[in-house]
Amino acid sequence: MIPKDHPRYESLVTREKIVEGVKLGVTALQGLIAHGRGEAFDYILGERSNDFALKAEKVATAMLLLAKHPVISVNGNTAVLVPESIKELAELVKAKIEVNVFHFSRERVAKIAQYLSQFGIEALCNCDAELKGLSSARRIVDSRGILIADVVLVPLEDGDRCEILKKHGKKVIAIDLNPLSRTAKMADVTIVDNIKRAIPRMVDFAKEMKDLRRDELESIVKDYDNKAILKDAIDGIIAYLENIKKVL
Ligand code: PTJ
């Protein structure tokens, strides 16, 4: 039991969720390592949604609202960290939710889908199609979901799939606390924020924007520059560290 007045309460509770996910067979063991890397980046980003993240979250939400077949891809970490807000976001932007994992087995995919069903999510998980050109198990997708999607939201992603999704003509939105990762560089829109803050913020943006006209949404997306966002994220880390150094 983590005491509520512990200064790192939130972070420790989140760790427990990931550990619980591993025990349930939902989160991969490697998900623990990925989470640790994410925590380290979150620390040097100030554990907040910075302006560059908010900008990307708004544009990403507009892209999902504009999409014909938007899909939210869910892996083992995402499933345990933000199931409720993933459901809400999918409803608001009319996206499908698909289970897609790097550490693949049909049993694990079924476990994740079953886990999500407790939150009222009917996730696609037929694993009946393949993304050509990708050798990792992430190539195994659902023919009703990622295969035909035009916009895919991929939290905690690996660069290879991001590249292949783009080669298949899809727009890719990544959520990755590491602005230096291959995924961050490959995606059309990179949200450098913790998924725990990013998805609820996107829910708020979706509520604000869901009744906008197409041309209004298009004007939000139009001049977006992902390279500039990544540079702002790196500058944000440098500025945050400089400030910390001053007050040590
Ligand atoms: O469930 P599976 O089988 O699909 O496996 C999922 C993991 C995450 C294990 C797999 O995709 C993986 O190994 O990912 P990577 O290559 O470690 O990349 C994960 C990225 O997500 C890293 O750059 C982390 O910094 C970032 N990350 C970790 N936790 C968070 C995060 N980004 C946003 N929010 C987080 N909470």
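Ligands are counted one by one from 1 in listed order, and the atoms in each one are counted from 1 as well.
Closest of all the heavy-atom pairs between F52 and I229 is O-CD1, 3.7 Å. Between V189 and A60 the shortest heavy-atom distance is CG1-CB, 4.1 Å.
Looking only at protein heavy atoms, the nearest one to atom 10 (C) of ligand 1 is R138 NH2, 4.1 Å. Protein heavy atom in closest approach to atom 4 (O) of ligand 1: F102 N, 2.8 Å. Nearest protein heavy-atom neighbour of atom 36 (N) of ligand 1: N194 OD1, 3.0 Å. Nearest protein neighbour of atom 16 (O) of ligand 1, counting heavy atoms only, is E157 O, 4.2 Å. Here the heavy atom of the protein found nearest to atom 8 (C) of ligand 1 is A34 CB, 3.6 Å. Looking at atom 6 (C) of ligand 1, its nearest protein heavy atom turns out to be N75 ND2, 3.5 Å.
Ligand 1 lies nowhere less than 4.0 angstrom from a heavy atom belonging to I33. Residue contact check for ligand 1: E39 places no non-hydrogen atom closer than 4.0 Å to it.
In this structure, K207 pairs ionically with E88, as a charged nitrogen and a carboxylate oxygen lie closer than 4.0 Å. Comment: D188 does not engage K170 in a salt bridge, judged by the lack of any side-chain N to carboxylate O separation of less than 4.0 angstrom.
At under 3.5 Å, not a single nitrogen or oxygen of A28, backbone or side chain, sits near a nitrogen or oxygen of ligand 1. At a 3.5 angstrom cut-off on N or O pairs, L177 counts as close to ligand 1. Polar contact check, V101 against ligand 1: no nitrogen or oxygen pair lies under 3.5 Å apart. An N or O contact shorter than 3.5 Å links H103 to ligand 1 by distance. Between F41 and ligand 1, no N or O atom pair is found at a separation short of 3.5 Å. Residue D176 has at least one nitrogen or oxygen atom sitting less than 3.5 Å from a nitrogen or oxygen atom of ligand 1, judged on distance alone. In terms of polar-atom proximity, defined here as any N/O pair under 3.5 Å, Q30 makes no such contact with ligand 1. Considering backbone and side-chain atoms together, N77 places no N or O closer than 3.5 Å to any N or O of ligand 1.
When the salt bridge (charged side-chain N to carboxylate O under 4.0 Å, His left out) test is applied to D5, no partner is found at least two apart in sequence or on another chain.
Under 4.0 angstrom from ligand 1, there are no non-hydrogen atoms of K196.
Nearest residue to atom 31 (C) of ligand 1 from I112, L156, L180 is L156 (criterion: closest heavy atom).
The 12-atom threshold is exceeded at CZ of R139, counting heavy atoms of other residues, nucleotides or ligands nearer than 6.0 Å. Shown here is E122, whose CD atom has no more than 12 heavy atoms of other residues, nucleotides or ligands within 6.0 Å. Summarising the local packing, CG of D51 is surrounded by 12 or fewer heavy atoms from other residues, nucleotides or ligands at distances under 6.0 Å.
Taking a distance limit of 4.0 Å, we find that atom 13 (O) of ligand 1 is approached by no protein heavy atom. Within 4.0 Å of atom 33 (C) of ligand 1, at least one protein heavy atom is present.
S73 and R161 are linked by a side-chain donor-acceptor pair at a separation below 3.5 angstrom, with hydrogens and angles left out of the test.
A side-chain contact (heavy atoms from CB on, under 4.5 Å) with L153 is found for one member of V93, I175, V172, I97 and no other, namely I175. Of the listed residues (T183, L230, I173), just one forms a side-chain contact (heavy atoms from CB on, under 4.5 Å) with T190, and that residue is L230.
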Steps toward side chain to side chain contact (heavy atoms under 4.5 Å, CB included) verdict (L64, M202): CA-CA 10 Å; L64 288 167; M202 289 174 77; 3.9 Å; yes
